[in-house]
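Order of appearance sets the numbers: ligands from 1, and atoms from 1 within every ligand.
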Amino acid sequence: MTRITPQPGIMDIALYQGGGSRLPGVENVIKLSSNENPFGPPPAAAEAVRRAAATLHRYPSSDHAELRAAIGETHGLDPARIICGAGSDEIIAFLCQAYAGPGTEVIHTEHGFAMYRISALAAGATPVEVPERERVVDVDAILAAATDRTRLVFVANPANPTGTMAGAAELARLAENLPDQAILVLDGAYAEYVEGFDGGAALATARDNVVMTRTFSKIYGLGGLRIGWGYGPQDIIDVLNRVRGPFNLSAPALAAAEAAVRDRDWVERCRAENAKWRAWLAEALAELGIPSDTSCANFILARFASPAEAAAADAHLQSRGIIARRVAGYKLPEALRITIGEPEACRRVAEALAEFRKGGQ
Ligand SMILES: *Cc1c(COP(=O)(O)O)cnc(C)c1O
């Protein structure tokens, strides 16, 4: 018996399992487990970090005005309605801290991103898991689960780890029909991979109950620096700024993100390359009898006949120096999530899975 105990809910948090990055004894490892951009960040972002090294003794900006202005300019959004965080994970945490708590509910979906549940529990709230329909977010199921205790509803679009999307009309219907006290959070971590998609910005502009989150960790290739942002109704952003630490983003991170968000060509090129090789890999796997849903993101979710077969395929990939992601924790034990890497990485995945299919080692 101890008198020192954490708050209720904390011990229900399973530690986050990141994508693996090493295979002991294997050289030339290809890491396809964390949906990182294989081309890295835009060169201007790396250069901004080098320049920032000269003034590391200075505290960073606390209002992020320059980065918010750059984001606003690029996306056509009001900078006053933007908040920046240490990754979009931090924005998710702010939302839970500010709007959820003991006695309230936070809705996420069956295969939804792990941080929604973790942040809800960390805030003392009750996570509520809602079924999806064939790995696609089901708006009717969410509406059926919403109660007068619901404070937040998290939907990633495109979703991770499924890669599927909910339609704009469906999400508008969800926002329209949620209980008055609930906020719909549209997580646009992969929005840049969808040509012409605003990530939910229009809905977050028009409605007083929708917040959009975005990240520099995926197409901008800056996961190591931890930068994300949120956009939504002014009163909600003002609330989130009350719980935000004044120096939550480092000066190198702010400088890198500002340079990155201005490099629209980089995003355009990475999106095109990803789309091309995503289609190539999905087709190559389909020919091997390994299906996947049409992905809108920078990975595909390869489905096998059983959890045992997925585990065996994963082991075979590892023997060939390829690290994919098991997603049993996302209730998809028969699947592997494979990030779209460089062309050579995609070819190696297809070759390794062809060997696996033939039963060869
Ligand atoms: C990768 C990812 C994020 C981004 O997290 P950061 O904290 O910004 O690195 C957010 N949501 C989803 C669904 C993701 O897959």
Side-chain angles (χ1 to χ4, degrees), residues 16-19 21 31-38 40-41 45 64 67 71 82-97 106-120 122 127 129 132 135-137 152-166 171 184-194 197 199-200 211-231 240 244 248-250 253-254 256-257 260-261 270 274 295-301 324-325 327 329-332 335 337-340:
Y16 183 84
Q17 299 280 337
S21 59
K31 185 189 180 207
L32 303 176
S33 55
S34 298
N35 299 341
E36 294 151 340
N37 183 342
H64 310 148
L67 175 57
I71 292 170
I82 294 171
I83 179 172
C84 300
S88 45
D89 284 358
E90 195 181 35
I91 307 296
I92 294 166
F94 291 159
L95 283 159
C96 289
Q97 204 182 332
V106 173
I107 291 180
H108 63 87
T109 62
E110 188 179 358
H111 309 300
F113 185 49
M115 290 313 298
Y116 309 149
R117 176 183 158 84
I118 290 174
S119 289
E129 181 188 305
E132 298 189 11
R135 298 171 300 282
V136 179
V137 165
L152 293 159
V153 175
F154 286 100
V155 173
N157 206 35
N160 170 22
T162 57
T164 62
M165 282 186 85
L171 292 175
L184 172 62
V185 183
L186 297 176
D187 179 341
Y190 301 96
E192 290 85 357
Y193 287 102
V194 184
F197 179 50
V211 171
M212 169 181 75
T213 64
R214 302 287 285 264
T215 186
F216 283 89
S217 301
K218 303 289 156 56
I219 210 163
Y220 289 106
L222 290 169
L225 274 183
R226 314 302 306 126
I227 317 143
W229 52 282
Y231 167 78
L240 300 184
R244 180 178 69 81
N248 61 325
L249 285 191
S250 71
L254 288 166
V261 79
C270 293
N274 177 73
S295 172
C296 301
N298 66 340
F299 54 84
I300 60 176
L301 185 71
R325 180 72 163 265
V327 282
Y330 286 94
K331 306 215 154 128
L332 294 161
R337 193 191 68 193
I338 305 170
T339 302
I340 305 304

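Residue-ligand proximity, Gly87 to ligand 1, at heavy-atom distances under 4.0 Å covers atoms 6 (P), 7 (O), 8 (O). Within the listing of ligand 1, atoms 1 (C), 14 (C), 15 (O) sit less than 4.0 angstrom from a heavy atom of Tyr190. Within ligand 1, counting atoms from 1 as listed, the ones closer than 4.0 Å to a heavy atom of Asn160 are 13 (C), 14 (C), 15 (O). Residue Ser217 approaches ligand 1 through these ligand atoms, each under 4.0 Å from one of its heavy atoms: 6 (P), 8 (O), 9 (O).
Of the options Ile227, Ile91, Asn248, Leu249, a side-chain contact (heavy atoms from CB on, under 4.5 Å) to Cys84 is made by Leu249 and by none of the others. For the pairing with Glu129, the side-chain hydrogen bond (donor to acceptor under 3.5 Å, both in side chains) check across His108, Arg117, Lys331 returns one residue only, Lys331. Checked against Tyr190 for a side-chain hydrogen bond (donor to acceptor under 3.5 Å, both in side chains), the options Asn274, Asn35, Asn298 give a single hit: Asn35.
Under 4.0 Å from ligand 1, the heavy atoms of Ala189 that appear belong solely to its side chain. If you look at Lys218 next to ligand 1, the close heavy atoms, those under 4.0 Å, all belong to the side chain. Looking at Asp89 against ligand 1, both its backbone and its side chain come within 4.0 Å, counting heavy atoms. Of the heavy atoms in Arg226, only side-chain atoms (C-beta onward) come closer than 4.0 Å to ligand 1.
No side-chain donor-acceptor contact under 3.5 Å links Asn160 to the backbone of Phe113. Between the side chain of Thr164 and the backbone N or O of Arg135 there is at least one donor-acceptor pair closer than 3.5 Å.
Between Phe154 and Tyr116, the two ring planes are parallel [angle under 30°; tilted spans 30° to 60°].
In this structure, atom 4 (C) of ligand 1 lies nearest to the protein heavy atom Ser88 OG, 3.3 Å. For atom 11 (N) of ligand 1, the closest heavy atom belonging to the protein is Asp187 OD2, 2.6 Å.
Geometrically, ligand 1 and Tyr116 share no nitrogen or oxygen pair separated by less than 3.5 Å.
Using a 4.0 Å heavy-atom cutoff, Asn35 is absent from the residues neighbouring ligand 1.
In this structure, Lys218 NZ and Tyr193 OH are separated by 8.5 Å, a value rounded to the nearest 0.5 Å. Note that CG of Leu32 is 7.5 Å distant from CD1 of Ile338, once rounded to the nearest 0.5 Å.
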